[in-house]
Student: 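Just dropping this structure here.
In what follows, every chain begins at residue 1, and chains take the letters A, B, ... in the order their sequences are listed.
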Number of protein chains: 2
Amino acid sequence: MRSDKLSLVLRQLRDHGPRSRARLATELGLTRSAASALVAELADLGLVRAAGVERGGMGRPGTSVELDGAAVCGIGAEINVNHVSAIALDLAGHVVAEHRLALDAHRLAVDEVLDRLVELIRLAEADVVAHGAVPVGVTVGVAGLLDRSRELLTVGPNLGWRDVPVGSELRARLGAAYPVSIENEGNLAAIAEAVPGDPNRQDILVIFGEVGVGGGIVAGGRLLRGHQGYAGEFGHMIVEPGGRRCGCGRIGCWETVSGLRALLDAAADPDDPVRDPALSLDDRLAELNRRADLGDTRTIAALDRVGNWIGIGAAMLTNALNPSAIVLSGYFAEIGHHLRPSIEEHLVAGVLAPQAGGTRVEFSTLGFTAAVRGGAAVALETVFDDPTVVASPHAAVHLGGAR
Amino acid sequence: MRSDKLSLVLRQLRDHGPRSRARLATELGLTRSAASALVAELADLGLVRAAGVERGGMGRPGTSVELDGAAVCGIGAEINVNHVSAIALDLAGHVVAEHRLALDAHRLAVDEVLDRLVELIRLAEADVVAHGAVPVGVTVGVAGLLDRSRELLTVGPNLGWRDVPVGSELRARLGAAYPVSIENEGNLAAIAEAVPGDPNRQDILVIFGEVGVGGGIVAGGRLLRGHQGYAGEFGHMIVEPGGRRCGCGRIGCWETVSGLRALLDAAADPDDPVRDPALSLDDRLAELNRRADLGDTRTIAALDRVGNWIGIGAAMLTNALNPSAIVLSGYFAEIGHHLRPSIEEHLVAGVLAPQAGGTRVEFSTLGFTAAVRGGAAVALETVFDDPTVVASPHAAVHLGGAR
DNA sequence: CTACTTTGTGCGGCATCTCAACAAATGAGT
DNA sequence: ACTCATTTGTTGAGATGCCGCACAAAGTAG
């Protein structure tokens with residue numbers, strides 16, 4: 001009831017920016033009195049504040065109201081092959097804390113990886129509390145298949161994990177009352193790219209490339225999880241029957257022709273220094289960019305080849321989903337400049353709708369923080385769903401769990 | 001406000017069947033008094049009625065309440081290459097009227113096709129009124145791409161139509177106040193297969209095969225339309241680069257290997273009687289079924305080949321969307337018995353998630369009424385969104401438009 | 001300086017939900 | 001057979017929250 005309308009107002013401010021009470025009223029179909037009362041309550045909760053005046057032609061100018069992010073934070077975390085990390089975002093999306101630890105998930109025991117992750121979450125939480133904000137929950141992204149309940153990691157090929165009850169393990173470490181949720185990494189990256197309120201970011205397809213290729217689908221502003229939660233495994237669509245063998249055991253998976261390994265195999269001989277495992281991913285990609293910029297034909301051909309395959313796969317998905325944008329993330333973003341022409345060519349060629357249905361090819365600017373940002377956004381969603389949680393005893397439980 | 005809770009109760013009855021007021025209250029988080037009042041109001045509107053007693057262990061047994069479909073009807077209609085048709089479904093999903101007219105949309109002018117369709121809609125409407133029900137709107141399915149507003153048919157390759165403002169044309173014929181909406185045919189077929197309340201029918205993929213192959217996606221119980229409304233064009237995913245030329249001008253589209261023409265080309269020589277255009281589609285498929293049952297190797301090989309390709313495409317879509325079921329509709333359903341093994345084989349082989357993510361292969365039982373049923377369901381959704389529309393003056397306008 | 005427009009707030013009224021009490025209808029126990 | 005516990009459905013009192021309206025405040029247009 002009340003919380004429903006509060007939610008409406010808070011979302012309107014998030015999605016469309018600062019505006020006056022009167023404008024909120026007309027846009028949301030409320031009376032000005034109701035809008036005033038709701039804004040007053042949100043102000044009491046510390047979620048909105050005054051933001052100057054709104055001059056708009058004749059009549060008395062309105063006093064603008066805007067989101068006040070400082071009161072609450074959501075925490076996002078990630079378990080990946082080479083690192084664990086955590087981030088805290090306030091309600092307005094500003095970074096309040098960021099922690100990252102490099103490790104080799106393959107070599108360490110599952111328990112140890114989870115312990116390290118929880119340490120980072122605790123650090124982020126301490127930062128949030130020091131910042132004077134209330135942490136409202138944590139969402140952890142995992143590189144693997146999570147079943148419908150999103151508590152059990154069925155299989156994480158790159159981590160080398162199988163049937164790990166990530167949810168209960170984390171709950172045991174963080175406290176049972178602490179709001180913890182688990183989500184696929186690609187799905188979180190997709191959420192991070194979907195900007196609330198932007199009509200061009202409500203139906204998007206995020207393709208995340210590293211060694212593997214994954215991603216997520218946002219449709220109508222909502223994450224598409226599928227029946228069991230396995231949606232978004234684009235990397236294992238079979239696009240080249242009779243092609244190369246994939247790490248998953250199949251032949252011709254999309255990631256065998258568009259993943260990082262495919263690019264390196266095509267661009268460099270086994271003894272090429274760019275393939276030295278000691279080099280960081282960023283350095284390798286910078287070197288490939290440099291070679292392509294200098295006009296090295298082999299590098300350019302390799303980038304074109306990968307771009308072509310990305311375009312072919314993207315076109316299939318676009319026929320099925322008609323997104324407003326395809327956002328390429330992970331390593332794709334680093335070499336986006338050289339990929340764009342070949343991707344767009346195959347996209348336009350392969351999509352039935354004229355002009356490829358208006359789908360634009362974009363490259364993520366979030367780097368490797370995409371998943372954790374998405375996680376924090378998921379945690380914050382509880383506040384937008386019911387703004388009163390900030391004041392409820394539940395919030396005190398969170399702080400209790402943090403100690 | 002009120003209509004919101006009424007909507008909640010009405011949907012609960014639709015989704016989970018008859019139940020007592022007390023049960024509605026606990027399931028929906030209301031008090032028994034509120035549930036009683038809401039049920040009384042729905043009964044006044046003629047949307048629910050008593051339905052015997054509900055015995056459940058100790059205590060006083062409850063008086064069950066169920067949906068009363070008879071008061072309102074939604075109308076679905078369809079413009080296809082060989083026919084136009086209309087159907088009327090009451091709130092409980094029962095068929096109240098059904099009309100169909102064979103025609104050749106290619107040879108007739110656009111205006112004439114629309115005139116014929118409107119005649120069928122008027123007939124269905126008259127049946128509804130004679131049945132004592134109120135028609136709440138009509139949704140028309142069209143075999144082609146409809147842009148975001150779903151008023152303009154951008155391109156309908158099989159109809160031979162381009163840039164036809166179907167929405168305004170129908171509104172001009174039916175009356176401006178009459179609630180008309182337009183939707184892609186495959187999308188409506190998908191809605192028809194998604195049964196409200198059934199957890200195994202909330203995330204489904206419908207693949208509709210005739211000469212062309214199309215379909216629709218239902219995710220989380222809601223139709224996925226995509227940014228411009230072009231989602232579900234599975235038939236033009238390019239699965240066989242260097243393969244056969246498609247009617248859309250591209251090469252290797254999925255429908256070139258799984259559409260009706262691909263099956264007939266593989267199963268029969270050009271002079272085979274099964275390819276006689278005078279034969280109905282049903283008769284041709286019955287003949288192919290007969291040959292396969294008798295063990296004709298060429299027919300079986302052709303069916304296997306089509307099944308393999310369907311399985312390959314279905315696997316790609318399943319990796320992306322993880323549906324609970326893939327529903328094969330149109331001509332696929334008629335020969336489903338012979339397609340299933342090869343489809344399932346390729347589905348399990350091509351999907352990353354264990355056991356193909358639990359996705360089941362199913363065949364539609366709705367025949368060629370799928371799209372119109374989906375259209376009627378869309379029209380009825382306005383009643384579930386706000387049950388008070390039945391009593392509002394708006395409903396009177398509908399009747400006025402029908403005269 | 002006046003007329004007009006628009007914003008934000010305060011107050012009575014209405015609709016709707018909750019809470020508590022009660023009668024009705026059944027099963028369980030003696 | 002009778003009583004008691006349990007659950008249902010209804011009723012009335014009270015609380016909550018939104019709407020409609022009136023009014024002061026703060027600007028623009030002429």
Student: Let me know, please, whether A:Leu38 or A:Gly59 comes out on the 5' side of the other along DNA chain D by nearest nucleotide.
Tutor: A:Leu38
Student: Report the distance from atom CD of A:Glu151 to atom CD1 of A:Ile182, rounding to the nearest 0.5 Å.
Tutor: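 CD1 of A:Ile182 is found 6.0 Å from CD of A:Glu151.
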Student: Rounded to the nearest Å, what distance is computed from the CD atom of residue A:Glu41 to the P atom of nucleotide C:dT9?
Tutor: 15 Å
Student: Would you kindly give the CE-to-P distance between B:Met58 and D:dT3, to the nearest whole Å?
Tutor: 20 Å
Student: Is any side-chain heavy atom of A:Leu188 closer than 4.5 Å to a side-chain heavy atom of A:Thr139?
Tutor: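 In short, these two side chains touch, coming nearer than 4.5 Å.
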Student: For B:Arg19 and D:dT8, give me the distance from atom CZ to atom P, rounded to whole Å.
Tutor: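 So the CZ-P distance, B:Arg19 to D:dT8, works out to 13 Å.
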Student: Each nucleotide N or O in nucleotides 9-13 of chain D that has a protein N or O under 3.5 Å away: list the pair and distance.
Tutor:
{"residue": "D:dG9", "atom": "OP1", "partner": "B:Thr63", "partner atom": "N", "Å": "2.5"}
{"residue": "D:dG9", "atom": "OP1", "partner": "B:Thr63", "partner atom": "O", "Å": "3.3"}
{"residue": "D:dG9", "atom": "OP1", "partner": "B:Thr63", "partner atom": "OG1", "Å": "3.2"}
{"residue": "D:dG9", "atom": "OP2", "partner": "B:Arg21", "partner atom": "N", "Å": "3.3"}
{"residue": "D:dG9", "atom": "OP2", "partner": "B:Ala22", "partner atom": "N", "Å": "2.8"}
{"residue": "D:dG9", "atom": "O4'", "partner": "B:Arg60", "partner atom": "NH2", "Å": "3.4"}
{"residue": "D:dG9", "atom": "N7", "partner": "B:Arg32", "partner atom": "NE", "Å": "2.9"}
{"residue": "D:dG9", "atom": "N7", "partner": "B:Arg32", "partner atom": "NH2", "Å": "3.4"}
{"residue": "D:dG9", "atom": "O6", "partner": "B:Arg32", "partner atom": "NH2", "Å": "2.8"}
{"residue": "D:dT10", "atom": "OP2", "partner": "B:Ser36", "partner atom": "OG", "Å": "2.6"}

Student: Closer than 4.0 angstrom, basic N to acidic O: yes or no for A:Glu381 and A:Arg14?
Tutor: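 Yes, A:Glu381 and A:Arg14 are salt-bridged.
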Student: Thinking salt bridges, do A:Asp203 and B:Arg148 make one under a 4.0 Å N-O criterion?
Tutor: no
Student: If you count every heavy atom of other residues, nucleotides or ligands that lies below 6.0 Å from B:His16 atom NE2, does the total exceed 12?
Tutor: yes
Student: Any salt bridge between A:Arg19 and A:Glu66, counting N to O under 4.0 Å?
Tutor: no
Student: Using whole Å, report how far NZ of A:Lys5 lies from C1' of D:dT16.
Tutor: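 Atom-to-atom, A:Lys5 to D:dT16, this comes out as 13 Å.
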Student: Rounding to an integer number of Å, can you tell me how far A:Leu30 CG sits from C:dG8 C1'?
Tutor: 15 Å
Student: Using atom CG of B:Leu28 as one end and atom P of C:dC17 as the other, report the distance to the nearest whole Å.
Tutor: 12 Å
Student: Quick one: A:Leu6 CG to D:dT16 P, roughly how many Å, whole number?
Tutor: 15 Å
